[in-house]
Amino acid sequence: MSCFLQAQMAGHSQFATLMFCLAAFVGLSQAQLQLGFYAKSCPKSEKIIQDYVNEHIPNAPSLAATLIRMHFHDCFVRGCDGSVLLNSSSNQAEKDAPPNLTVRGFDFIDRLKTLLEAECPGVVSCADIIALAARDSIVKTGGPFWKVPTGRRDGVISRLAEANNSIPPPFGNFTTLQTLFANQGLDLKDLVLLSGKLKKCTNPNDTTTIVEMDPGSRNTFDLSYYTLVLKRRGLFESDSALLTNSFTKSLITQLLQGSLQNFYTEFALSMEKMGRINVKTGSQGEIRKQCAVVNS
Ligand code: HEM
Ligand SMILES: *[C@@H]1O[C@H](CO)[C@@H](O)[C@H](O)[C@H]1NC(C)=O
Ligand SMILES: *[C@@H]1O[C@H](CO)[C@@H](O)[C@H](O)[C@H]1NC(C)=O
Ligand SMILES: *[C@@H]1O[C@H](CO)[C@@H](O)[C@H](O)[C@H]1NC(C)=O
Ligand SMILES: *[C@@H]1O[C@H](CO)[C@@H](O)[C@H](O)[C@H]1NC(C)=O
Ligand SMILES: *[C@@H]1O[C@H](CO)[C@@H](O)[C@H](O)[C@H]1NC(C)=O
């Protein structure tokens, strides 16, 4: 807006300035994700993903957790650009880092990609497929909905060492968690909200016992995570770390005093924010033909 005013007040001599401002404005709007980015280029794409998720997730509800975690891991390394899906080539890829996203998760995305390539070849990015499949599968298992604007492009680089340095470790202290989230433009509120999803919990009294909260049950995605954190029960060090800071501790208390709907609303905002981390748009990156390899 100030661009236009400036140029108008300065008159015709500033025509070049106006053109420059317009170009900058267009460039800026291209760089944004948008809801229904594929509405014209592949109108059925989001429906294809949703239908496939709705058909297959009930038979494998634990995949919902795998997929949202895959989206998180994708976004935290080089932005949400599908780099988490790349196979190792000359260098070891993120995929080969210890956090194991399971072969099933990768297969699931590959099968979606095959359907979308059959519908509209070379249009829908692997990064968007992860983002949409994660959201749809959490919704299908009774969890919250969040908006997934699309238009992410796929990256061409995946490095194991970067996964090691960007993904928060389960033994991370508060400073480590805060820093790794801040590196992604996420704040302490996002840290608390995004920690509150379904997760496998290890009881420190019995490290052989893995208590998996069943993502298939309707009540999985509730506030019980925060209750457990406050009771210091069955969690990772990174979870207890949220109590060592007064801001995050009081946020947890507030979330527990609020409604499940309030948590869902806040969680949705943080998920949308996470889904925008360092996205590649416009002519950046590429639309991979196969999610596991860059185009040749
Ligand atoms: C705050 C920092 C985080 C740490 C330290 C962390 C750490 C972990 C660890 C160690 C596991 C167990 C993996 C296993 O059982 O093999 C796990 C599981 C999980 N994490 Fe996180 N995580 C964090 C944030 C997130 C975020 C932001 C999300 C998604 C929004 C997420 C989603 C999940 C899910 C869904 C699982 C269960 C995976 C499954 O059962 O397949 N985590 N996390
Ligand atoms: C990853 O997890 C799956 C399923 O739990 C397991 O079959 C596979 O061997 C694991 N892969 C690695 C590299 O740990
Ligand atoms: C990544 O971390 C794992 C253990 O968390 C370690 O075994 C591996 O050597 C690390 N790799 C790199 C390249 O830092
Ligand atoms: C947190 O962990 C980091 C990395 O392990 C360490 O360098 C730092 O001293 C720790 N901070 C606190 C306050 O314990
Ligand atoms: C572990 O054991 C201690 C002592 O019996 C108990 O106070 C604590 O609540 C237990 N923690 C968990 C996670 O069950
Ligand atoms: C990627 O790696 C997996 C596991 O090693 C393999 O099964 C798959 O065929 C590879 N995908 C491509 C496109 O090379």
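Remember, it's 1-based here, ligands and their atoms both numbered in the order they're listed. Below, all heavy atoms of this structure are taken into account, side chains as well, without hydrogens, waters or symmetry copies.
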- Task: Please check if Val139 and Tyr52 belong to a single hydrophobic cluster, counting links between Ile, Leu, Val, Met, Phe, Trp and Tyr side chain heavy atoms closer than 4.5 Å.
- Result: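 No, separate clusters.
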Minimum non-hydrogen distance to [atom], winning option of [options]:
| atom | options | value |
| --- | --- | --- |
| atom 33 (C) of ligand 1 | Arg104, Met274, Arg69, Glu237 | Arg69 |
| atom 8 (C) of ligand 1 | Phe72, Phe171, Phe236 | Phe236 |
| atom 12 (C) of ligand 4 | Thr175, Asn173, Thr179 | Asn173 |

Distance flag for [atom], protein heavy atom under 4.0 Å:
| atom | answer |
| --- | --- |
| atom 7 (O) of ligand 6 | no |
| atom 14 (O) of ligand 6 | yes |
| atom 2 (O) of ligand 6 | yes |

Could you report the tightest heavy-atom contact between [X] and [Y], atom names first, then the distance?
| X | Y | answer |
| --- | --- | --- |
| Leu194 | Ser270 | CD2-CB, 3.8 Å |
| Ala163 | Ala97 | CB-CB, 3.9 Å |
| Lys289 | Asn295 | N-OD1, 2.8 Å |
| Trp146 | Glu272 | CD1-N, 4.4 Å |
| Thr248 | Asn245 | N-OD1, 3.0 Å |

Is the shortest side-chain N to carboxylate O distance from [X] to [Y] below 4.0 Å?
| X | Y | value |
| --- | --- | --- |
| Asp187 | Lys273 | yes |
| Lys189 | Glu266 | yes |
| Glu162 | Arg78 | yes |

- For Thr150 and Asp128, does a side-chain donor sit closer than 3.5 Å to a side-chain acceptor?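 No donor-acceptor contact under 3.5 Å links the two side chains.
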- Query: When you check the side-chain N and O atoms of Thr176 and Asn173, is any donor under 3.5 Å from an acceptor?
  - Reply: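 Yes, Asn173 and Thr176 have a side-chain donor paired with an acceptor closer than 3.5 Å.
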- Item | Contact (N/O only, under 3.5 Å) between Lys95 and ligand 6 |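 N/O-N/O distance below 3.5 Å does not exist for this pair.
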In ligand 1, which numbered atoms sit nearer than 4.0 Å to a non-hydrogen atom of [X]?
| X | result |
| --- | --- |
| Ser195 | 1 (C) |
| Ser238 | 5 (C) |
| Thr66 | 41 (O) |
| Pro169 | 5 (C) |
| Ile68 | 35 (C) |
| Pro170 | 5 (C), 10 (C) |

- Is it the side chain, the backbone, both or neither of Ala65 that has a heavy atom closer than 4.0 Å to ligand 1?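 Both parts.
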- Does ligand 1 have a heavy atom under 4.0 Å from the side chain of Pro168, from its backbone, from both, or from neither?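 Both backbone and side chain.
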- Taking atom 4 (C) of ligand 4 as the reference point, the nearest protein heavy atom with its distance: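 In this structure, atom 4 (C) of ligand 4 has Thr176 OG1, 4.0 Å as its nearest protein heavy atom.
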- Message: Taking only non-hydrogen atoms of Gly172, do any sit less than 4.0 angstrom from ligand 1?
- Response: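 No.
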- Message: Could you tell me, atom by atom, which parts of ligand 6 come under 4.0 Å of a heavy atom of Asn87?
- Response: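 Per the distance check, 1 (C), 2 (O), 3 (C), 8 (C), 10 (C), 11 (N), 12 (C), 14 (O).
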